[in-house]
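Below is one structure, written out as structure tokens, with a few remarks after it.
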Amino acid sequence: MLAQPVTPFPGPQDKLPRFIGSGTPMRDLVQSHRWEDTPLGAIAGWPASLRTAVSVVLHSVHPMFLWWGEELTQIYNDAYVPCFGAGKHPAALGQAGRVCWPEIWPIIGPQIDAVRNGREPRWYADNLVPIWRNGRIEDVFWSYTYTPVFNEQDQVGGVLVVCTETTAQVLAERRRHTLDLLGRRLLDCRSEADVRAAVAQSTSDNPGDLLEISLLNGDQAGRRPASDVLVIRGAELQLCADLALAFKVSPRLPVDCAYRQFLEQYTAVVCATLSRLQSDRALADAMAESERLNVDLNLSSRSKDEFLAMLGHELRNPLAPIVTALKLMKLRSRDSDTAHEQAVIQRQVDHLVRLVDDLLDVSRIASGKVELRKETVPLADVLNKAIEMASPLLEQKQHRLLVDVPTVRWHGDPARLAQVISNLLTNAARYTPAGGHVTLGTRVKGGTVQIQVTDDGNGIAPALLPHIFDLFVQGNRQLDRAKGGLGIGLALVRNLVQMHGGEASAYSAGEGRGSTFTITLPDSVVAEAPAPLAQLHAAPLPEQGAGLRVLVVDDNQDAADSLGELLGALGYRPLVAYDPAQAIALASADMPDVAILDIGLPGMDGFELADHLRKLPEGTGLKLVALSGYGQEHDKSRSRAAGFAAHLVKPINIADLQISLS
């Protein structure tokens, strides 16, 4: 039996049962349903247990479903109605469970029997229960409980279902995982074939969403797809205009916004990878082409260098006998009528020898065979040698040469620097009309020397100026080639200056307005050695420091002692300490006039020691001098900020020391 007779509802028979209620579609539908045509019978005869269960279902805002009796007659609430989709509701109300759900009865039938027989609830999370809705079988995921409802005989009269559809969440997670796996595989792809293999693997990872995937290129992407195929074009995503992905979509899922968004994201990831591969291929091709061009360029450069070397050596072969023959002619006929012709030959041979020497130098520098032979010499000697080398052409063209020769010592290759300056002077003479002016000027600042050759000649065209130091580049030549040369001299100038760590530059206001060539050689001027210490004893300086007490604090004992001895020799009264504690003790016993403090003292640096000394009795008037191996501007600024009157940099310059103590 499905139910026991119960006492009819009190009151008028036309009064609606309160446990069902009214005012919502499902409550009204339950009230009006012909229950007498179902195994449950008329509402008036429902037992209290059924009335209570129905009341809970119909008054809940959560999706609920009740099966009652042996036929599992169905009652559900308004919140459950959307779960049906289209096709089952409202016919499902009062229908037997097996009749309503034939497509899923193999799944839920055993679950219901387990609850009815076991009399215990069951919980299922994100369980796939495909149902017929919207005209097809759809994959639907649910989280639900089956709870037994006991009747008046303490038997399981029905099963209460409290459920939530989780299809959207489950599909979102499944699709996210698919994209994650795809992204990892695509990172390792090195070709389009690898990409196609990774895409094919996705259909195995997620057969629920991806039944089949095809990569379409060019004309294929424009073809009309089949009804069960969705084509996502790269152009729609602002990616890969000639690429599209064709997806065979699942017939068990609605092609809604979420499904399409997933396929668009999938397409974007694939397109981005193919674009990366295309860029990588283009970059690899460009690098290969660049490497090929570099190889060709190096071969051409090597061939050029070898040609120049060969040309220079080959030209020397005929020059040697010509020069020898010319010398013999001069020896045999000192008063010959050919004296003028011999002079012409001598000048042209000298010019040719110089050209050959330049060719050989360019070749040797390019092949790295030139080594500088550095030494320290008076710079004036080097410049005088350069003037001597350029004098023949200067005198021939009757130029006026103005020279400013410094009296400093310079460290470098004197022969090569003389060659540089000679080339600049010769260049100025060649491009300056007869009777013009050429100036050789120098400027020394610290360890840097700057040498300028200026002329009032033909000048340099603006278009030529950036290339003036390139090999074989020359200014405009006259038809008689009087300005001669091969365009090698200035290239040699730049290369030799760069070998010295310097730079060469050129300036001209334009054609006909002269030119200025400047070479800068940093860290090459050598300071004159200081006068020996013995000479200082005879100087009047010791009297200047007589009586002044100077405390020297340095953890390097040799440095501290030697500085103390120097101060004594200069007439000061030195006190020497090797650590801060000893310095404080000495100052406490006899406060000095000046304290020279090593900043890098261990344990307590010079700044901290200065604070301690100032706090001693009579320490407020103590003059402080910083001593450090660091002499940058920020080091000196920090010393000034700490109250030091001077900042001396090791090794100490005697003049700076005396100034700081004055």
Side-chain angles (χ1 to χ4, degrees), residues 188-195 217 240 242 273-319 351-372 413 416 419-420 423-424 426-427 430-431 460-477 481 483-508 515 517-520:
D188 297 327
C189 290
R190 296 295 178 266
S191 65
E192 185 173 327
D194 293 342
V195 175
N217 290 297
C240 302
D242 58 345
T273 300
L274 291 173
S275 295
R276 171 178 63 82
L277 293 178
Q278 184 177 9
S279 298
D280 290 347
R281 284 194 300 270
L283 179 60
D285 292 343
M287 292 180 66
E289 178 65 13
S290 177
E291 182 65 23
R292 186 188 65 78
L293 292 175
N294 283 334
V295 170
D296 292 346
L297 182 61
N298 290 334
L299 289 175
S300 299
S301 178
R302 189 178 302 115
S303 299
K304 178 260 298 178
D305 295 337
E306 292 173 354
F307 170 76
L308 290 178
M310 180 187 67
L311 178 62
H313 286 292
E314 291 300 319
L315 288 175
R316 277 190 180 275
N317 291 332
L319 275 176
H351 182 62
L352 186 56
V353 168
R354 185 181 183 92
L355 292 179
V356 171
D357 288 341
D358 285 350
L359 277 174
L360 291 175
D361 278 340
V362 167
S363 175
R364 285 194 290 263
I365 290 174
S367 59
K369 295 180 180 179
V370 170
E371 293 184 2
L372 299 180
D413 188 326
R416 291 300 181 181
Q419 182 181 2
V420 166
N423 278 358
L424 293 179
T426 301
N427 186 76
R430 181 179 296 136
Y431 288 95
I460 306 170
L464 181 64
L465 193 59
H467 310 286
I468 197 64
F469 289 101
D470 293 346
L471 192 61
F472 303 131
V473 171
Q474 291 182 288
N476 294 330
R477 303 186 225 175
R481 296 180 55 85
K483 294 172 183 172
L486 296 175
I488 293 176
L490 292 181
L492 276 175
V493 166
R494 180 179 61 181
N495 288 336
L496 291 173
V497 169
Q498 289 177 346
M499 290 179 67
H500 279 84
E503 61 180 19
S505 61
Y507 169 78
S508 175
S515 58
F517 287 84
T518 304
I519 64 169
T520 303

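Throughout, numbering of the chain's residues begins at 1 and tracks the sequence.
Looking only at distances, a side-chain donor or acceptor of Ser279 sits under 3.5 Å from a matching main-chain atom of Ser275. Checked by atom type and distance alone, the side chain of Ser508 never pairs as donor or acceptor with a backbone atom of Ser515 at under 3.5 Å. Between the side chain of His500 and the main chain of Leu372, no donor-acceptor pair closer than 3.5 Å is present.
Heavy atoms only, all atoms of each residue included: Arg494 and Ala504 are closest at CA-CB, 4.3 Å. Minimum interatomic distance between Val420 and Ile519 (heavy atoms only, all atoms of both residues): CG1-CD1, 4.0 Å. Of all heavy-atom pairs between Ala463 and Pro466, the closest is O-CD, 3.6 Å.
More than 12 non-hydrogen atoms from other residues, nucleotides or ligands lie less than 6.0 angstrom from CD of Gln498.
Inter-residue side-chain proximity for Phe517 and Asn423 is flagged as unmet; no heavy-atom pair is nearer than 4.5 Å. In this structure the side chain of Leu277 reaches within 4.5 angstrom of the side chain of Val195, judged on heavy atoms.
Salt bridge annotation for Arg190-Asp280: absent, with no cationic side-chain nitrogen under 4.0 angstrom from a carboxylate oxygen.
A donor-acceptor contact closer than 3.5 angstrom links the side chains of Arg416 and Gln419.
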Is there a salt bridge (Lys or Arg N to Asp or Glu O under 4.0 Å) between Arg292 and Asp296 once you walk through the steps? CA-CA 6 Å; Arg292 186 188 65 78; Asp296 292 346; 2.9 Å; yes
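Rounded to the nearest 0.5 Å, atoms CG (Asn427) and CG (Leu490) are 4.5 Å apart. Within the model, atoms CD of Glu289 and CG of Asn294 stand 10.0 Å from one another, a figure rounded to the nearest 0.5 Å.
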